[in-house]
J.: 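One structure follows; several queries about it will come next.
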Amino acid sequence: MLTTRPRGTSDILPGQVEKWQYLEQVIRRLCREYGYSEIRTPIFEHTELFERGVGETTDIVEKEMYTFRDRGDRSITLRPEGTAPAVRAYLESRLFAGPQPVKLYYIGPMFRYDRPQAGRYRQFHQFGVEVFGSHDPAVDAEVVAMAMDLYSRLGLSDLELHINSVGCPRCRPVLREKLQDFFRSRLDKLCPNCRDRLGRNPLRILDCKEKSCIQASEDAPTSLDYLCPECTSHFQAVLKYLEELGVAYTVDRRLVRGLDYYTHTAFEIMAPGIGAQNSIGGGGRYNGLVEACGGPAIPGIGYALGLERILLTMEQQGISFPRPPGLDVFLATADPAAQGQAMVLVQELRREGLAADRDYLGRSLKAQMKYAGKLEVGLVAILGSDELKRGVVALRDMATGSQEEIPLDRLGDEIKRRCAGIK
RNA sequence: GUGGAUGUAGCUCAGUUGGUUAGAGCACCAGGUUGUGGCCCUGGGGGUCGUGGGUUCGAGUCCCAUCUUCCACCCCA
């Protein structure tokens with residue numbers, strides 16, 4: 001137990017963490033180019049925020065939250081998603097009083113008490129964006145295009161973008177009723193889960209993966225059949241913009257975001273080949289959420305992408321990551337007399353902005369060379385008492401094996417010169 | 001939360017019908033004569049056989065429980 005991490009968590013170790021850093025770097029650049037500012041919210045919040053903000057009837061709230069009482073007897077929950085905290089911060093800091101729209105992004109760990117499997121963990125990471133303050137369907141399109149842009153920047157291909165409109169508070173009740181009418185007559189064909197859903201959230205039946213339910217809902221009315229004129233024109237505009245942006249999509253009338261405050265656009269991106277948990281991102285418009293959280297009636301839209309699943313897909317598609325830079329130079333000492341001088345020299349090189357390191361295990365020169373070879377350092381500077389006397393070091397190019405004496409005062413510049421040539 | 005599989009050195013695995021000090025390859029460390037890596041050779045360290053019970057004269061091998069990971073379901077990222 002002492003040496004075992006909690007279930008569904010993972011250590012991101014050297015060798016792997018560079019991939020994360022690369023991914024994060026691409027994300028941050030993307031966000032800057034799209035005009036988004038980062039927001040960092042707490043990793044835990046008051047439980048009510050998620051109960052209200054995510055929805056009491058969702059699986060997340062009903063069975064997946066990490067909730068506990070703190071020492072002040074407050075109910076605290078490790079954040080299971082990023083939208084509700086962003087809304088909370090937007091309201092708490094009155095960002096709606098500043099210039100609109102407010103475009104935010106976040107990146108960090110989320111927590112859900114699920115049963116782990118490939119691509120699903122109890123602590124996982126999401127990158128997400130939220131835009132507050134605009135109804136413009138162009139924002140819907142931009143947000144979708146931005147997500148797709150990230151995937152393509154990472155080199156991912158063969159992704160499926162599904163998009164739908166789930167209506168608004170005006171047309172959804174109509175659809176709800178139509179769906180309830182439709183399914184009431186074929187209750188016997190629905191799975192127990194969906195029978196339960198009929199009363200609470202009939203839209204979700206369309207989303208059920210149970211064979212019988214898929215069959216039963218084949219001719220069921222979908223949101224697109226009962227959209228109000230405003231919703232229809234909004235959705236048509238989003239699709240038109242996507243076409244203009246060259247983003248390929250599939251209208252999926254079964255795609256549902258089950259929460260009450262979700263409105264209009266809903267979308268999801270799937271990656272084939274990474275297992276059953278193949279959704280690598282999803283989002284939609286939530287024009288009712290800010291108000292539901294006690295704020296003014298301000299529209300919003302956003303998405304969240306799963307970082308583990310993106311990395312999984314990249315690996316599955318054989319995408320190579322840029323090689324992280326290692327040391328510029330390794331300083332090897334040829335005899336113990338040079339130790340003190342080596343320490344000072346390495347420190348000087350670092351001050352000059354070079355990545356430099358040396359041996360700390362009292363190894364023989366041979367062993368130090370071997371070690372440097374394993375680290376794949378391009379240059380090794382060798383310092384012995386002979387060199388020390390003459391104020392030079394032997395600088396060895398590890399790729400070619402050629403070696404040259406460099407005066408100590410020129411060493412930094414010489415290394416920089418050679419590294420520049422390689423880079 | 002439900003069902004199925006898995007678990008032997010850091011990694012990939014072997015381990016005969018239960019029977020002596022549990023092995024290999026790779027990795028790690030050290031040597032292969034005087035201050036020099038990548039190949040090769042030699043040697044070394046490292047395993048409470050996931051954990052806890054049980055059966056047995058004897059268990060890595062059989063039984064039970066538990067944990068982990070994996071796969072699927074539910075659902076999502």
Side-chain angles (χ1 to χ4, degrees), chain A residues 1-10 13 15 54 57-64 79-83 107-128 147 191-194 196-197 204 207-211 213 255-259 268-271 274-283 303-313 330 332-338 359 361-388 393-403:
Chain A
M1 215 54 174
L2 191 61
T3 55
T4 320
R5 59 187 191 269
R7 182 172 202 194
T9 64
S10 58
L13 302 171
V54 178
T57 61
T58 57
D59 276 21
I60 290 180
V61 172
E62 279 181 351
K63 52 181 224 194
E64 294 173 2
R79 65 179 186 196
E81 55 99 49
T83 300
I107 178 165
M110 305 292 165
F111 306 83
R112 289 185 203 171
Y113 193 89
D114 258 358
R115 228 158 111 175
Q117 72 185 71
R120 190 170 69 191
Y121 313 97
R122 291 187 172 179
Q123 175 175 342
F124 61 102
H125 296 77
Q126 284 187 337
F127 152 60
C191 70
N193 212 327
C194 282
D196 197 47
R197 281 170 176 150
R204 289 223 72 97
D207 212 22
C208 186
K209 274 92 190 167
E210 207 70 44
K211 267 199 201 102
C213 296
L255 178 61
V256 169
R257 303 249 119 187
L259 318 185
E268 188 167 353
I269 301 100
M270 266 89 78
I274 59 165
Q277 309 305 322
N278 65 351
S279 166
I280 60 171
Y303 62 71
L305 313 184
L307 267 38
E308 282 83 357
R309 291 184 187 176
I310 288 177
L311 289 170
L312 216 60
T313 311
F330 185 86
T333 45
D335 61 78
D359 172 62
L361 297 181
R363 279 192 262 233
S364 67
L365 178 58
K366 181 179 181 149
Q368 293 178 65
M369 296 302 291
K370 224 179 226 182
Y371 179 64
K374 272 169 210 152
L375 294 184
E376 296 181 308
V377 191
L379 296 169
V380 173
I382 301 161
L383 187 66
S385 39
D386 183 43
E387 286 83 0
L388 213 52
V393 295
L395 190 59
R396 183 183 181 83
D397 184 319
M398 294 295 273
T400 64
S402 66
Q403 205 164 300

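Only a predicted model underlies this, so the values are computations on that prediction, with no experimental measurement involved. Numbered from 1 within each chain, the chains take letters A, B, ... in sequence-line order.
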J.: Just to be sure I understand the rule, does A372(A) reach a base, reach only the sugar-phosphate, or reach nothing, if contact means heavy atoms closer than 4.0 Å?
T.: nothing

J.: Atom CD1 of I280(A) to atom C1' of rC76(B): distance rounded to whole Å?
T.: 14 Å

J.: Main chain of G128(A), side chain of Q126(A): is a donor-acceptor contact present, judged purely on distance under 3.5 Å?
T.: no

J.: In whole angstrom, give the distance that lies between atom CD of E308(A) and atom P of rU69(B).
T.: 14 Å

J.: How far does the P atom of rC39(B) sit from the matching atom of rC26(B), given to the nearest Å?
T.: 11 Å

J.: Can you check the distance between rA59(B) and rU12(B), where both ends of the measurement are the C1' atom (answer in whole Å)?
T.: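 Each nucleotide's C1' atom is 25 Å from the other's.
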
J.: For a quick check, with a 4.0 angstrom heavy-atom cut-off, what is the B/S/- contact string for nucleotides 2-9 of chain B, read 5' to 3'?
T.: BB------

J.: Measuring to OP1 and OP2 of rU69(B), would you say a side-chain N or O of Q117(A) lies under 4.0 angstrom away?
T.: no

J.: Measure the shortest side-chain to side-chain distance between H125(A) and M110(A) over non-hydrogen atoms and say whether it is less than 4.5 angstrom.
T.: no

J.: Checking the side chain of R79(A) only, and the main-chain atoms of P109(A) only, is there a donor and an acceptor separated by less than 3.5 Å?
T.: yes

J.: Could you grab the distance from atom OG1 of T9(A) to atom CZ of R122(A), nearest 0.5 Å is fine?
T.: 9.5 Å

J.: By the 4.0 Å heavy-atom rule, please label G82(A) as base, sugar-phosphate, or nothing.
T.: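 If one applies the 4.0 Å heavy-atom cut-off, G82(A) turns out to touch nothing in the nucleic acid.
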
J.: Find out whether P80(A) and E64(A) are in side-chain contact, i.e. whether some heavy atom of one side chain is under 4.5 Å from a heavy atom of the other.
T.: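 Of all side-chain heavy-atom pairs linking E64(A) with P80(A), none is under 4.5 Å.
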
J.: I'd like the P distance from rG54(B) over to rG15(B), given in whole Å.
T.: 29 Å

J.: For N278(A), which residues count as a side chain to side chain contact (heavy atoms under 4.5 Å, CB included) partner, sequence neighbours excluded?
T.: M270(A), I274(A)

J.: For rG38(B) versus rG23(B), give the span between their C1' atoms, rounded off to a whole number of Å.
T.: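 One C1' to the other, the span is 29 Å.
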
J.: Can you check the distance between rU36(B) and rG43(B), where both ends of the measurement are the P atom (answer in whole Å)?
T.: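 Comparing P positions in rU36(B) and rG43(B) gives a spacing of 23 Å.
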
J.: Would you kindly compare D114(A) and K63(A) by the position of their nearest RNA chain B nucleotide and give the one closer to the 5′ end?
T.: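 Checking each residue's closest nucleotide, the 5'-ward one belongs to K63(A).
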
J.: Whole-Å distance between rC73(B) C1' and D59(A) CG?
T.: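 That distance rounds to 12 Å.
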
J.: Can you list everything that forms a ring pair (Phe, Tyr, Trp, His ring centres under 6.0 Å) with F111(A)? Sequence neighbours excluded, please.
T.: none

J.: Taking Watson-Crick (N1-N3 plus N6-O4 or O6-N4) and G-U wobble (N1-O2, O6-N3), each under 3.5 Å, can you produce the dot-bracket string of RNA chain B? Use [ ] for crossing pairs and | for inter-strand ones.
T.: (((((.(..((((.....[...)))).(((((.......))))).....(((((..]....)))))).)))))....

J.: Can you tell me the distance, in whole Å, between the CD atom of Q277(A) and the P atom of rC76(B)?
T.: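 The distance from CD of Q277(A) to P of rC76(B) comes to 10 Å, rounded to the nearest Å.
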
J.: Nearest 0.5 Å, what's the NZ-CZ distance between K63(A) and R112(A)?
T.: 12.0 Å

J.: Whole Å only: how far is the CZ atom of R7(A) from the C1' atom of rU69(B)?
T.: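 Rounded to whole Å, this separation is 9 Å.
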
J.: What integer number of Å spans the P atoms of rC11(B) and rC74(B)?
T.: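 Approximately 34 Å lies between the P atom of rC11(B) and that of rC74(B).
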
J.: Donor-acceptor check, side chain of D335(A) to backbone of S385(A), threshold 3.5 angstrom: yes or no?
T.: yes

J.: When you check every protein heavy atom under 4.0 Å of nucleotides 26-44 of chain B, what one-letter string (B, S, -) results, 5' to 3'?
T.: --SSS-B--BBBB------

J.: Ignoring hydrogens and angles, write down the donor-acceptor pairs under 3.5 Å from the side chains of residues 361-375 of chain A, residues two or more places apart or on other chains.
T.:
residue : atom : partner : partner atom : Å
R363(A) : NE   : D359(A) : OD1          : 3.1
S364(A) : OG   : A367(A) : N            : 3.1
Q368(A) : OE1  : T333(A) : N            : 3.0
Q368(A) : NE2  : T333(A) : O            : 2.9
Q368(A) : NE2  : R363(A) : O            : 3.0

J.: Any chance you could lay out the side-chain contact (heavy atoms from CB on, under 4.5 Å) test for Q117(A) and Q277(A), step after step, and finish with the verdict?
T.: CA-CA 8 Å; Q117(A) 72 185 71; Q277(A) 309 305 322; 3.1 Å; yes

J.: Can you measure from CD1 (I269(A)) to CG (L305(A)) and round to the nearest 0.5 angstrom?
T.: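 Interatomic distance, I269(A) CD1 to L305(A) CG, rounded to 0.5 Å: 6.0 Å.
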
J.: Roughly how far apart, to the nearest Å, are rU55(B) and rC73(B) at atom C1'?
T.: 37 Å

J.: If you take atom types as modelled and just measure distance, does the side chain of R309(A) reach the base of rC76(B) with a donor-acceptor pair under 3.5 Å?
T.: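 Looking at the base of rC76(B), it does pair with a donor or acceptor on the side chain of R309(A) (distance under 3.5 Å).
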
J.: Expressed as a whole number of Å, how far does the P atom of rA27(B) sit from that of rC40(B)?
T.: 8 Å

